[in-house]
Chemist: 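One structure, as C-alpha cells, below. Some questions next.
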Amino acid sequence: MKNAKIIIDKEFILGDIDKRIYGSFIEHLGRAVYEGIYQPDSPFADEQGFRKDTMELVKSLKVPIVRYPGGNFVSGYKWEDGVGPKEERSSRVDLAWQVIESNQFGMNEFVDWTKKAGSDVMMAVNLGTRGIMEAKELLEYCNFKGGTYHSDLRRKHGYEQPHNIKTWCLGNEMDGPWQTGQKTAREYARLAHETAKAMKLLDPTIELVACGSSFSHIETFGDWEREVLEECYDSVDYISMHQYYDNKAQNTPEFLAKSVDMDGFIKNVAAICDYVQGKKHEKKQINISFDEWNVWYHSAEADAKLEKWVAQPHQLEDVYNFEDALLVGSMLITLLRHADRVKMACLAQLVNVIAPIMTSDTGAWKQTIYYPFLHASNFGQGTVLNTIVKAPTYEAEVGDAPYIDSVVVSNEEKEELVIFAVCKDLTEEMRLTCDLRQYADYVITEHIVMHHDDVKAVNTEAEPNNVVPSNNGNARLDGGTLTAVLSPASWNVIRLSR
Ligand code: AHR
C-alpha cells in the first residue's frame, strides 16, 4: 500500500474561495437550451417553458454564475434576434455549429432562468463579427435604467427594471482558427480595449474578462496573453482560460495525470499577468476566469456524422464514465489549489452538451461528473489552506504526476474542515494521513467515496445510479491524526466539524 501525507497549518492560508469558481455554462448549442433548460411543450415545463426537472438538478449544484450565450456561438450572434415578442423572432443560421437557431429563447429568458436557478449571469458579447457599438447597445439594453432607445426597448419587452449584469466576457476564443472572426492578438487587443472603454463609460460597475488562449498548447499561447494584457491591462479585470482533456489514447494513468498540465497552465498564465503588471508598474492584479473546463471527446465521432442545418441536434452529448469523474474531481482540486488567483470558473457545460445533467422527453439524470462538482460546490466554501501533499508520483507525458490530488478547505463560519482527494492508483489502496491536532475538538462527520471497479462505467437514463457516491469511507481520527485508507481509483470527501 502506498502512503500519502497531507500537511496543513490553521494559520497558513492560501486564499479565500470565490464561490464563482463553481460557475457553469449554457451555450446555444445542441440541446443545451432547447430540450435542456427550455421546452415549453414538455410535461416538465413551468409557466415560462423552463424544465423543472433540470432546474432542480441545477439548483442542487448551487451554480453561482452561468456563462451565456457562447462559446463559439456568440461570434455570429445578434442578440437583438432573441428579444421581443416570440412570434416576431426569426430563425437564423448559426455558422459555429452549422445548425438553425430559432431564437425562441434569448437573453431575457436566460436572465429569468438564472433568477429561478439562483445564479448570476456571465454575458459574452460578440467580438467576432460585431464590435464596440453592438456591445455597448447590449449593455445599455441590459443595465441602463431607462429613457434611452435600448433601455426603453427592454422596458417595452416587459423588463421595467435593469438586469444589472455585472460580469461580461469580451468575445470568445478569439485566437482560434475555428472562430468566426478570428483575430490576431494585436487585432483583438485593440478591439477588446476599445470595447471595454466604451462599456465601462456606460456602466463603471461591471467587470470584464478578456480572452486568453483557447487551450494550453495552442501555438500563440503566451504571446497572446502578453499582447492582450499590454493593451488592455487598465480596462479589463480578468483573463480567461479554457481547457478540455480527453482520453482518446485510452490510457487511464496518462489521462488522470492531466491535472498536472492544468496546474502548469494556471501558473503560466498567472506569471504572464504578473510580468505585465511588473512592466507597467501597476498596483492592480489581473485574475483568472477559467471559464471553460471539462473532459470532452466521447461525442466526436457521432458529431462528425450529424446532419447540418437542423435545429437542436444531439450535439456534443458526451456520456461520461467513472474515470472522467475522477479527472473532473482533480480539476476541481486544481482550481481550489489556485483559489488565490482563479476567481471564476465555468464547468463547460451544464445541460446535455458536455454536461453533468442530461435530459430526454421522459426525464433528467445525473452523469458521473455531476457528483464531484456537487460535492465541491456544496462543501468547498471558505478558505483554502496551503496544503502540502507528500505522495509518491508516477511518470507521465506531462511530467511527474502524484498518485493523489488533494486540497483542504476550512469553513470558519460553519466550523468545518473538508479534505478533497482523488486517489489515482488504479490497483492499490493508499493510506492517507493528516496531523489535525490543531483541530482537537473536530470530529469526522462523513467520508464520502465514489468508486467503481470499472473506470469505464457510465450512468444512463435506464441506469442512472450505476456510478454514485456513498458515505462508506473509513476515515478515522486517532490521537489527533486522521487516517483514511483510500480505495484505488476513488474520489473522496472527508468532512469534519466541531
Ligand atoms: O464548449 C464547447 C465549445 O468549446 C465552445 O463553444 C468554445 O468556446 C470551445 O471551443
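Along the sequence shown, residues carry numbers from 1. Below, each value reflects all heavy atoms present in this structure, side chains not excepted, and no hydrogens, waters or symmetry copies. Start at 1 and go down the list; that is how both ligands and their atoms are numbered. For clarity, every value in this text was computed on a predicted model and none was experimentally measured.
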Chemist: Applying a strict 4.0 Å limit to heavy atoms, is W97 in contact with ligand 1?
Modeler: yes
Chemist: Is the shortest N/O to N/O distance between Q349 and ligand 1 below 3.5 Å?
Modeler: yes
Chemist: Compare all side-chain heavy atoms of F110 with those of V121 and state whether any distance is below 4.5 angstrom.
Modeler: yes
Chemist: With a heavy-atom distance limit of 4.0 Å, tell me whether F73 approaches ligand 1 through its side chain, its backbone, both, or neither.
Modeler: neither
Chemist: Apply side chain to side chain donor-acceptor pair (under 3.5 Å) to D46 and list each qualifying residue two or more places apart in sequence or on a separate chain.
Modeler: K116
Chemist: Calculate, to the nearest 0.5 Å, the distance between atoms CG and CE belonging to L332 and M262 respectively.
Modeler: 8.0 Å
Chemist: Could you say whether the N/O atoms of N72 and ligand 1 ever approach to under 3.5 Å?
Modeler: yes
Chemist: So which protein heavy atom does atom 10 (O) of ligand 1 come closest to, and at what separation?
Modeler: E173 OE1, 2.6 Å
Chemist: In sequence, state the C-alpha distance, the side-chain angles, and the governing distance for F221 and H217, and then conclude on ring-ring contact (aromatic ring centres under 6.0 Å, His included).
Modeler: CA-CA 7 Å; F221 171 70; H217 286 82; 8.2 Å; no
Chemist: Please work out, at 4.0 Å between heavy atoms, whether the side chain, the backbone, both, or neither of I354 comes within that distance of ligand 1.
Modeler: side chain
Chemist: Which of the listed options, E27, E292, Q315, holds the heavy atom that is closest to atom 4 (O) of ligand 1?
Modeler: E292
Chemist: Which of the numbered atoms in ligand 1 are under 4.0 angstrom from any heavy atom belonging to G71?
Modeler: 5 (C), 6 (O), 8 (O)
Chemist: So, using side chain to side chain donor-acceptor pair (under 3.5 Å) as the criterion, who are the partners of S214 when residues are at least two apart?
Modeler: D175
Chemist: Between D18 and R341, does any side-chain N to carboxylate O distance fall below 4.0 Å?
Modeler: no
Chemist: Between F215 and ligand 1, find which residue part has any heavy-atom pair under 4.0 Å and reply side chain, backbone, both or neither.
Modeler: neither
Chemist: Does a salt bridge link E292 with R67, judged by any charged N lying under 4.0 Å from a carboxylate O?
Modeler: yes
Chemist: Please list the nearest protein heavy atom to atom 1 (O) of ligand 1 with its residue and the distance rounded to 0.1 Å.
Modeler: Y244 OH, 2.7 Å
Chemist: Could you go through the side chain to side chain contact (heavy atoms under 4.5 Å, CB included) check for E461 and M358 one step at a time?
Modeler: CA-CA 8 Å; E461 185 174 18; M358 297 299 290; over 6 Å; no
Chemist: For ligand 1, which atoms have a heavy atom of N172 less than 4.0 angstrom away?
Modeler: 7 (C), 8 (O)
